[in-house]
Amino acid sequence: MFNCGVMIRKKITDKSSNLHQQSPLRRNCTNIKTLKQIHASMIVDGFDSNPSALRELIYASAISIPSAINYAHQLFAQITRPDLFTWNTMIRGSAQSPNPITAVSLFTQMEKRHVRPDNCTFPFVLKACTKLSWVKTGCAVHGKVVKFGFEWNSFGRNALIYFHANCGDIRVASELFDGSEKDDVVAWSALTAGYARRGELGVARKLFNEMPVKDLVSWNVMITGYAKRGEMESARELFDEVPKRDVVTWNVMIAGYVFSGEHERALEMFEEMRRVGEQPDEVTMLSLLCACADSGALDIGEKIHCSLLEMHSGGLSILLGNALIDMYAKCGSIQKALEVFRGMREKDVSTWNSIIGGLAFHGHSEESIRLFEEMRRLKIRPNEITFVEVLVACSHAGEVKQGHRYFNLMRDEYNIAPNIKHCGCMVDMLGRAGKLEEAFEFIDTMEIQPNAIVWRTLLGASRVHGNVELGRRANERLLGMRNDQSGDYVLLSNIYASQGVWDGVETVRKLMDDSGVRKEVGGSLIETNYVGSTPLFGDRDEYVVGLVRPPVAFVVTAPR
DNA sequence: ATAGGGTTAG
């Protein structure tokens, strides 16, 4: 703490230093606790009104510590006349925060106060518009770029290419690109990224091949394009070819494998990354925790947790905390999830969502609902995800009245319109409670269009309660949606079978045969044993995975 | 400046 304080003073008195360089504060202040300590020592030493000191502090909280953006806003509000660099820092930090709207409103404020933007301002504002998919706002900002004469500046133009390529009009992006210098690698990469994000990988690849110059980002753009579409073979080919790799290159590959469900590959990538000496960062660890959560690899998750505690002795970030809660909950260790939750000094909505969802998923409905109430007492605003989880909790607990109460609360008090998942939860809740007619009524009167899942939920509930008539009606609606999921037929077949209506079973079977629907054989994966050791986590090398045969009762429903 | 991660019904 005191070292950091000394560093600020050194920084402030060093007149020759370039403001845009990495200052010690920016490099060393990596968590909100250290940040607050530095701020406190600044106040004690009378540095809190020093403009350069404040600027450094704002940079650290807005850019270096992603979860400290609100702190940055508080600091920013104390400055009477922020300079352009500080405005840009705030817009940049807000654009990369989970709430990019603030970046747009900062830009508006900046205009009202007659602060003239520079070429650095627009890339950040347009990034926010892109993240929000605010096409109209982005186009209005395009007008400002022209107004301030940055259309012919490579920063301004590339920011426009980025915006139009990703969410505006790709033809506009293309035209702007044609006006670029032939060897502007940022323009090439921005356009390529846009085509890749739209799924036009062929066009993206053509551009990539045609680039007169490529840098590391160009390669990362193309690899990302493949990885996000699940084309991991192509991603791998480029990864093997790339002349230089950085932490992003590795992260893209790891996240791609996790996305494609190839968790073993993801872990192999990570091991390889460590072997060649690339330092993993927070994004790496988040992907790995996601892999553990998806595959139920509790022991690896625990080891990641341990190494995280060693790496970040000053406390884990909110994002890592949330990922740990989710991992522990999904791997069945709800106690550890609660421990992480209680140990977090800073929490956000996702933190609460992770634990409320985890508890609901594990059948601890009362505890889940209790925490939701605690959240409301603490005036933390639940979002639509929170309500999905709370409704799951009510559904599993059989709390029909409470569920209805929360469903109404969502709109009346929090102004959140129910989405298809909320409605799905309500149907599930009513269905489980045996209120099948009420569930049917709910679907028919709800404001949004029901989807197949909703009808399938009712169909499943009809099976549980042995209601052939409602099952038939639900199935009629379901099949009317022209989908070919074998589970729908199987469920209906099960309803008939459970009631001994054998000709009904036969009819459904015939329907399945005629439409060419096939029921896949069910199965589950569990860890049964492991052998050997890994250089990373100590004693683990490979899993022997056992395939558990489906239960015998299932055979009744499987096709010939 | 352009590239990377995140919780949600059955």
Side-chain angles (χ1 to χ4, degrees), chain A residues 66 88 92 98 119-124 126-127 153-163 165-166 184-194 196-197 215-225 227-228 246-256 258-259 281-290 293 317-323 325-327 329-330 348-358 360-361 383-392 395 418-429 431-432 451-461 485 487-488 491:
Chain A
N88 286 346
R92 179 179 170 191
N119 56 353
C120 291
T121 314
F122 292 105
F124 305 139
L126 285 166
K127 192 193 183 95
N153 171 280
S154 66
F155 274 56
R157 197 180 41 233
N158 289 341
L160 289 172
I161 294 174
Y162 169 78
F163 162 72
N166 280 291
D184 188 336
V185 67
V186 176
W188 280 95
S189 298
L191 191 65
T192 308
R197 189 186 283 199
D215 63 4
L216 187 50
V217 175
S218 328
W219 284 87
N220 286 346
V221 161
M222 199 61 231
I223 297 174
T224 306
K228 283 228 162 139
D246 68 354
V247 65
V248 174
T249 324
W250 288 97
N251 286 349
V252 168
M253 289 301 291
I254 292 171
V258 175
F259 175 76
D281 65 4
E282 193 175 287
V283 176
T284 324
M285 301 319 257
L286 289 168
S287 286
L288 290 178
L289 285 172
C290 185
S317 72
I318 295 189
L319 254 44
L320 280 170
N322 296 352
I325 295 173
D326 189 54
M327 183 277 295
K330 289 215 172 102
D348 66 4
V349 202
S350 300
T351 318
W352 289 89
N353 287 351
S354 297
I355 196 69
I356 290 170
F361 187 77
N383 62 17
E384 57 173 28
I385 296 170
T386 324
F387 278 101
V388 171
E389 294 167 336
V390 172
L391 292 174
V392 170
S395 168
N419 65 27
I420 192 70
K421 292 185 184 178
H422 299 120
C423 296
C425 289
M426 292 301 280
V427 173
D428 185 53
M429 181 181 79
R432 275 174 202 260
N451 62 8
I453 297 175
V454 167
W455 286 117
R456 203 172 297 130
T457 304
L458 184 61
L459 182 53
Q485 285 205 25
D488 302 337
L491 263 172

Determine the contact category for [X]: base if any of its heavy atoms lies under 4.0 Å from a base atom, sugar-phosphate if only primed atoms, P, OP1 or OP2 are that close, otherwise nothing.
| X | result |
| --- | --- |
| A/Ala159 | nothing |
| A/Phe124 | sugar-phosphate |
| A/Val392 | sugar-phosphate |
| A/Glu282 | base |

Heavy-atom distance under 4.5 Å between the side chains of A/Leu289 and A/Asp326, does that happen here?
-> no
If we only count heavy atoms from C-beta on, is the A/Ser218 to A/Thr192 side-chain gap below 4.5 Å?
-> no
Between [options], spot the one nearest the side chain of [X], thanks.
| X | options | value |
| --- | --- | --- |
| A/Ser350 | B/dG4, B/dG10, B/dG6 | B/dG6 |
| A/Arg92 | B/dG6, B/dA1, B/dT8 | B/dA1 |
| A/Ser154 | B/dG4, B/dA1, B/dG10 | B/dA1 |
| A/Cys290 | B/dA1, B/dA9, B/dG6 | B/dG6 |
| A/Pro98 | B/dA3, B/dA9, B/dG6 | B/dG6 |

Separation of [X] atom [atom1] from [N] atom [atom2], in whole Å?
| X | N | atom1 | atom2 | value |
| --- | --- | --- | --- | --- |
| A/Met429 | B/dA9 | CE | C1' | 12 Å |
| A/Ile325 | B/dT8 | CD1 | P | 13 Å |
| A/Ile318 | B/dG6 | CD1 | P | 17 Å |
| A/Tyr162 | B/dT2 | OH | P | 6 Å |

Quick check: does any side chain N or O of A/Asn451 sit under 3.5 Å from a backbone N or O of A/Val454, one acting as donor and the other as acceptor?
-> yes
Donor-acceptor pair, side chain of A/Ser189 and main chain of A/Val186, under 3.5 angstrom | no
For the base of B/dG6, is there a side-chain donor-acceptor partner from A/Asp326 under 3.5 Å away?
-> no
Looking only at N and O atoms, is any donor in the side chain of A/Asp215 or the base of B/dA3 less than 3.5 Å from an acceptor on the other one?
-> no
